[in-house]
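Comments concern the structure below.
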Amino acid sequence: TQWRKDQEQDLKNVLKNTDQDIPLVFVSGNHDIGNTPTRETVDNYCKSWGDDYFSFWVGGVFFLVLNSQLYFDSSKCPELKQAQDAWLNGQLAAAKKHKCKHIVVFQHIPLFLRKPDEDHDYFNLEKSVRQEIMEKFHNAGVKAVFSGHYHRNAGGCYRGLEMVVSSAIGCQLGEDKHGLRVVLVTDEKIVHKYYSLDELSSHGLEKEMVDMLAKQN
């Protein structure tokens with residue numbers, strides 16, 4: 001906590017160098033609002049980075065950003081979880097009516113790491129909570145959920161819903177290299193690949209990804 005303010009300022013200073021044409025979207029996680037969030041930690045996050053959950057449209061694709069800490073442990077702020085649940089139900093109902101090209105979700109904690117019925121631990125959501133959310137997403141036609149938290153690459157599928165877990169650009173807990181995931185969204189599909197920073201700086205994206213990007217433009 002004592003270093004939080006300085007760390008946040010460091011990050012904001014670095015992000016100022018991002019090309020102005022690239023919009024930045026922030027997703028709250030346990031290091032932002034705690035493993036057991038409170039109204040105060042959520043409020044502090046929102047003051048620095050914006051809403052802890054929201055939605056937006058890009059090119060006919062509907063994106064949802066969720067505060068997954070409320071699904072991990074909302075014991076100190078149950079009213080915030082109830083508010084997000086009510087909002088999410090309304091958003092998914094509206095998305096279904098709009099017949100969007102895809103619905104994509106961003107949340108810090110993965111629903112699961114590899115299998116939908118795997119045991120619950122620190123890196124995924126509790127089974128009953130997970131099942132409820134997976135069904136909700138499946139019924140609404142959500143195509144993919146993108147998460148971090150695990151600091152390793154992982155993922156799996158649940159009834160057509162892809163769970164994509166990306167490793168870290170900083171602290172690695174496994175064998176992955178420091179990197180990021182590049183995601184291309186077309187009218188028909190969502191394609192993604194994890195690239196190490198070395199790969200990106202030495203030879204950039206694979207030809208297949210570049211070709212797809214050219215077609216989109």
Side-chain angles (χ1 to χ4, degrees), residues 1 3-4 7-8 10-11 14-15 24-37 41-42 45 49 52-54 63-75 81 84 88 102-138 142-185 190-200 205 209:
T1 304
W3 297 299
R4 176 175 295 275
Q7 287 181 332
E8 285 191 352
D10 282 347
L11 179 55
V14 168
L15 292 175
L24 296 172
V25 178
F26 297 97
V27 183
S28 65
N30 54 304
H31 294 295
D32 306 303
I33 59 176
N35 289 314
T36 305
T41 62
V42 173
Y45 171 85
W49 304 103
D52 58 321
Y53 59 90
F54 54 95
F63 294 91
L64 290 158
V65 174
L66 299 180
N67 178 349
S68 56
Q69 298 311 126
L70 297 176
Y71 294 125
F72 189 77
D73 183 359
S74 63
S75 56
K81 179 184 180 292
Q84 178 173 250
L88 177 59
H102 308 291
I103 306 173
V104 177
V105 173
F106 298 114
Q107 59 181 61
H108 182 66
I109 301 179
L111 297 166
F112 57 89
L113 298 175
R114 290 183 175 83
K115 296 179 179 175
D117 60 350
E118 68 195 17
D119 289 340
H120 166 57
D121 64 21
Y122 177 77
F123 291 110
N124 60 20
L125 294 182
E126 193 271 321
K127 273 187 169 182
S128 63
V129 174
R130 178 196 316 165
Q131 189 61 41
E132 183 185 335
I133 296 172
M134 289 191 306
E135 274 302 298
K136 195 180 283 190
F137 287 172
H138 169 72
V142 174
K143 192 71 64 73
V145 177
F146 288 90
S147 294
H149 189 54
Y150 190 45
H151 290 244
R152 284 154 283 198
N153 287 309
C157 282
Y158 173 78
R159 301 177 69 189
L161 167 70
E162 186 178 11
M163 179 69 246
V164 185
V165 185
S166 295
S167 195
I169 201 164
C171 173
Q172 294 294 339
L173 297 181
E175 301 301 313
D176 299 308
K177 299 278 170 63
H178 304 289
L180 50 88
R181 188 171 298 276
V182 177
V183 185
L184 298 181
V185 183
I190 296 170
V191 181
H192 55 85
K193 185 178 188 305
Y194 185 85
Y195 287 92
S196 72
L197 297 182
D198 291 340
E199 286 173 321
L200 284 176
L205 303 184
M209 297 283 261

Exercise for review: Kindly confirm or rule out a cation-pi arrangement of Lys193 over Tyr195, judged by NZ or CZ under 6.0 Å from the six-membered ring centre and within 45° of its axis?
Suggested key: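 Judged by the rule (NZ or CZ under 6.0 Å from the ring centre, within 45° of its axis), Lys193 counts as positioned above Tyr195.
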Check your understanding: If you measure from CG on Asn35 to CD on Gln69, what distance do you get to the nearest 0.5 Å?
Key ->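 Answer rounded to 0.5 Å: 6.5 Å.
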Exercise for review: Measure the spacing between CG of Asn67 and CG of Asp32 and express it to the nearest 0.5 Å.
Suggested key: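 One gets 9.5 Å once the value is rounded to the nearest 0.5 Å.
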Review point. Going through the checks in order, is the side chain to side chain donor-acceptor pair (under 3.5 Å) test met by Asp73 and Ser75?
Key: CA-CA 6 Å; Asp73 183 359; Ser75 56; 2.7 Å; yes
Scan side-chain atoms only and decide if [X] and [Y] contain a donor-acceptor pair under the 3.5 Å cut-off.
X	Y	value
Glu118	Asn124	yes
Ser167	Gln172	yes
Tyr158	Gln131	yes

Point to revise | Lys/Arg N to Asp/Glu carboxylate O, Glu135 vs Arg159, below 4.0 Å | key: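 Arg159 and Glu135: salt-bridged.
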Review point. Any Lys/Arg nitrogen of Asp117 or Arg130 sitting under 4.0 Å from an Asp/Glu carboxylate oxygen of the other?
Key: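 Salt bridge flag = no for Arg130 with Asp117.
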Practice item. May I ask you to test the Leu111-Tyr71 pair for a side-chain heavy-atom distance under 4.5 Å? Key: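 Answer no - side chains too far apart.
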Review point. Heavy-atom distance under 4.5 Å between the side chains of Val104 and Phe146, does that happen here?
Key: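 A side-chain contact under 4.5 Å exists here.
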**Study point:** Worked verdict on His120 versus Lys127 for side chain to side chain donor-acceptor pair (under 3.5 Å)
**Key:** CA-CA 6 Å; His120 166 57; Lys127 273 187 169 182; over 6 Å; no
Exercise for review: Kindly assign one of parallel, tilted or perpendicular to the pair Phe26 and Trp49, based on the angle between their ring planes and the thresholds 30° and 60°.
Suggested key: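 Tilted.
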Practice item. Classify the angle between the aromatic ring planes of His149 and His108 as parallel (below 30°), tilted (30 to 60°) or perpendicular (above 60°). Key: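 The rings of His149 and His108 stand perpendicular, inter-plane angle above 60°.
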